[in-house]
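Residue numbering restarts at 1 for every chain, and letters A, B, ... go by the order of the sequence lines.
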Amino acid sequence: MITRRTRHSMLAVGIALATAGTLAACSSGAGSGSSTAGGSAATGKDPSSFTVLTANENPTLAKELDALAANQCKAENKALPLSHQTTAQADVVQKVTLLASQGSLPAHFIAGTAMVRPDGDLGKGKLVLDYKKALTDLGAWDDVLPAASSTVQSVYGQMVSLPYQYNVEGIWYNKEIFSKLGLTPPQTFDDLLADAKKVKDAGYTPFAIDGKDAWPITRLIGMYIFRNVGPDAMKDIQSGKAKLTDAAYVKAATQVQQMAKDGYFGEGFISKDAATANNDFLTGKAAMKYDGSWLLANINDKTQNKIGADSIGLMPFPAVSGGKGSIDQWAANAGAAMAMSTKSYGPKVSAWLKCITQNYGSQALQDAGVISGFKVNKAVTDIPAPTKMVQEKVAGIKQTVLWFEALMDAKSTALAQSNVSLLTTGQMSPQDYMSQLQSSVDANKQ
Amino acid sequence: MKRVFGDRKTILILLAPTLVIYVLLKLVPVAWSLGLSFFEGNTLRGFEFVGFSNFTKFFTDPAAIQSLWVSIIFAVLATVGQVVLGYLLALLYVFVLRNGSAFVRTAVFFPMVLPTVAVALLFRNLVSVGSNQGPINAIINFFGGQSVEFLASTIGTMVVALVMTYWSSMGFYAVLLYTGLLDIPDEIIESARLDGASGVRLVRHIVIPLSMPILISSIIFSFNSTLKVFDSLLALNNGGPGTSTSPLTLYMYRTAFQYAEYGYGSTIALMLTLLCLVFTLAVFRSSTRKVDA
């Protein structure tokens, strides 16, 4: 009996230990990252190819870089051939951490937001290139739009990302539904709620929301806060000047919870994914959708857009009566961080950098209708009407705000997004939502 | 032949390559992981020795404690359901369907071969609400009820996850237990029947005690695999709503790989290992007592 027991115990212990083993296998390979001197002049050593690591979720970037390699950057590509690596967005931090610790970062790579900040793992080790200095040296700094560089610098604390996208966020609306119900784009939040009620009573879903991704809901909380407290609302949280548990901040969570309770997000929004929410809006089932200008890719796609390009308008998140923010302050971002390794920043890589900066703007706009943060140096023809509309709006923007979690650490961002389903289904109070988030922000302050 | 295998040196030479590979691939990483529990940091930042602070952190971390409970509750409910349903099916195969059980056995076993993530997505669609109304809510609506958003509540998500687990794995436990039941000699069953035992009494006093060893193995097997549940809860509702159905494995994954806290991640893995060990030993102790008696 004892023998059998021991044998079985050992088997069970073996099975159990396998869990720990798996983790260890993945996490072994210690050693601190090599830290080469920062700076931007081509002081690094050129690698054997211009390897670019991008996210699987963003195939446009790789495609447009290939187009540049075949045309405008032919010479650069001949000197240092372009090659691609891709990774899932969710694995970026893990992959880049591992590559950096082995000293094998690709020349140009996607990185996690927190990693490239001055106090982040890559920023602290001076492993990422300062584009402002590098591009000034190359005489191409003027090819980066000031609005885009200011957005990059406010998110990452330094110019360490190329603005391959320049997205503004706002409320996309169905002009036909609006005119049918006699509505005009609301100027205040109260008007927005009143309009949402009319839309709902008319049998449409007021807002198409993909709750599965959570961020479209936290964006609403963030925008209400920016309008109510002012454009520096989230910076104040970061600096400790204000707390998320302050009444003005909690009110945002209360308002969004109420919107969900009133049925303005439609049935089953919690488990709705992005494709379904887009479909709800682009087939005329929903009247509005809070989203970024990346939605243009779907709007310009005739197979997806059944309501017609002319029926879609974009308005900013409305003002909050008595609030310190303004309706003119659009939310903006410049896509995921695309950094360059200082170690492999040699003369050939710097030639690539210059060529991309000078040509990407017109290439991406012409080919994919993508609005980037680069200057459009070549006349672009046949721009679809919705893209043109967004371009015009972007041109008129004077001040931008970030998004709710932009300055938060990875853990607090995850908490803000995972708890929002509890908030909107009434399983968590607005006070608890904000106080849990504040505790997390405090706990993760270095 | 006997002489060759009687030689210790030969045994050593034949076993050594396998042992070396096993030690390198299994034991070294386990030891490494154990060591990491006393450090904090990641491969880029470097590691710093922090003593037992990861362990103190674990017991004072509300998210870790919550995940621990999710793992335990899920494992207990899933194990009970899997083994009970599997056992009932096995009894059905042996005593009711007898030789004609092959088709039913195959049909019930079939979901076991499907990837867990695909099963989770299937169940996600079954219970979905709104523009992509799933069949479950369509049935509820047909009988005049209001749609239920299962995945918006903790209990709803847990129920869907458990039903999904039962559906996909009861066939496996049924086959496992079926082989155990086949081992019971027919004569014993016959003589019990002649003595007047039938139905529930036969199962309670003859079949269960005689199939106890395989039953215990099934419980241990089931508990150890459900305690490490990961992909199904991740694919079903991402451990949500909130983090209310996020098991310890998911918390470990997020800590180590999303937040790059390898030390604390290793600590969580170690706690999970200890939990599996403690439970396995507990089941063994109680079972050996029973079997011996």
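Residues of residues 256-264 of chain A lying under 4.5 angstrom from chain B, judged on non-hydrogen atoms, do not exist. Of residues 423-434 of chain A, those residues with a non-hydrogen atom less than 4.5 Å from any non-hydrogen atom of chain B are, in numerical order, A:Thr425, A:Gln427. Heavy-atom neighbours of chain A within the stretch residues 123-130 of chain B, taken at a separation under 4.5 angstrom, comprise B:Arg124, B:Val129, B:Gly130.
Closest heavy-atom contact between A:Ala414 and B:Tyr259: CB-OH, 3.3 Å. Between A:Leu127 and B:Leu44, the shortest heavy-atom contact is CD1-CD1, 4.0 Å.
Residue-environment remark: CG (B:Leu24) exceeds the threshold of 12 foreign heavy atoms within 6.0 Å.
Atom CG of B:Leu236 is separated from atom OG of A:Ser271 by 10.0 Å, given to the nearest 0.5 angstrom. We find the CG-OG distance between B:Asn42 and A:Ser101 to be 8.0 Å, quoted to the nearest 0.5 Å.
With a 4.5 Å cut-off on non-hydrogen atoms, B:Phe39 does not touch chain A at all. For B:Ser37, no part lies under 4.5 angstrom from a heavy atom of chain A. Interface remark: A:Asp91 contributes side-chain atoms only to the contact with chain B (heavy atom separation under 4.5 Å).
Between chain B and the options A:Lys272, A:Lys285, A:Met115, A:Lys212, heavy-atom pairs under 4.5 Å are most frequent for A:Lys212. Considering only heavy-atom pairs separated by less than 4.5 Å from chain B, the leading option among A:Asn419, A:Leu122, A:Thr97 is A:Thr97.
A side-chain contact (heavy atoms from CB on, under 4.5 Å) with A:Lys411 holds for exactly one of B:Glu261, B:Arg254, B:Gln258; it is B:Glu261.
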Donor-acceptor contacts, no H, no angles, side chain residues 60-71 of chain B, under 3.5 Å, sequence neighbours left out:
residue, atom, partner, partner atom, Å
B:Thr60, OG1, B:Thr56, O, 2.9
B:Thr60, OG1, B:Lys57, O, 3.2
B:Asp61, OD1, B:Ala63, N, 3.1
B:Asp61, OD2, B:Tyr251, OH, 2.5
B:Asp61, OD2, B:Tyr264, OH, 2.7
B:Gln66, OE1, B:Thr243, OG1, 3.2
B:Ser67, OG, B:Ala63, O, 3.0
B:Ser67, OG, B:Ser246, O, 3.1
B:Ser71, OG, B:Ser67, O, 3.3
B:Ser71, OG, B:Leu248, N, 2.8

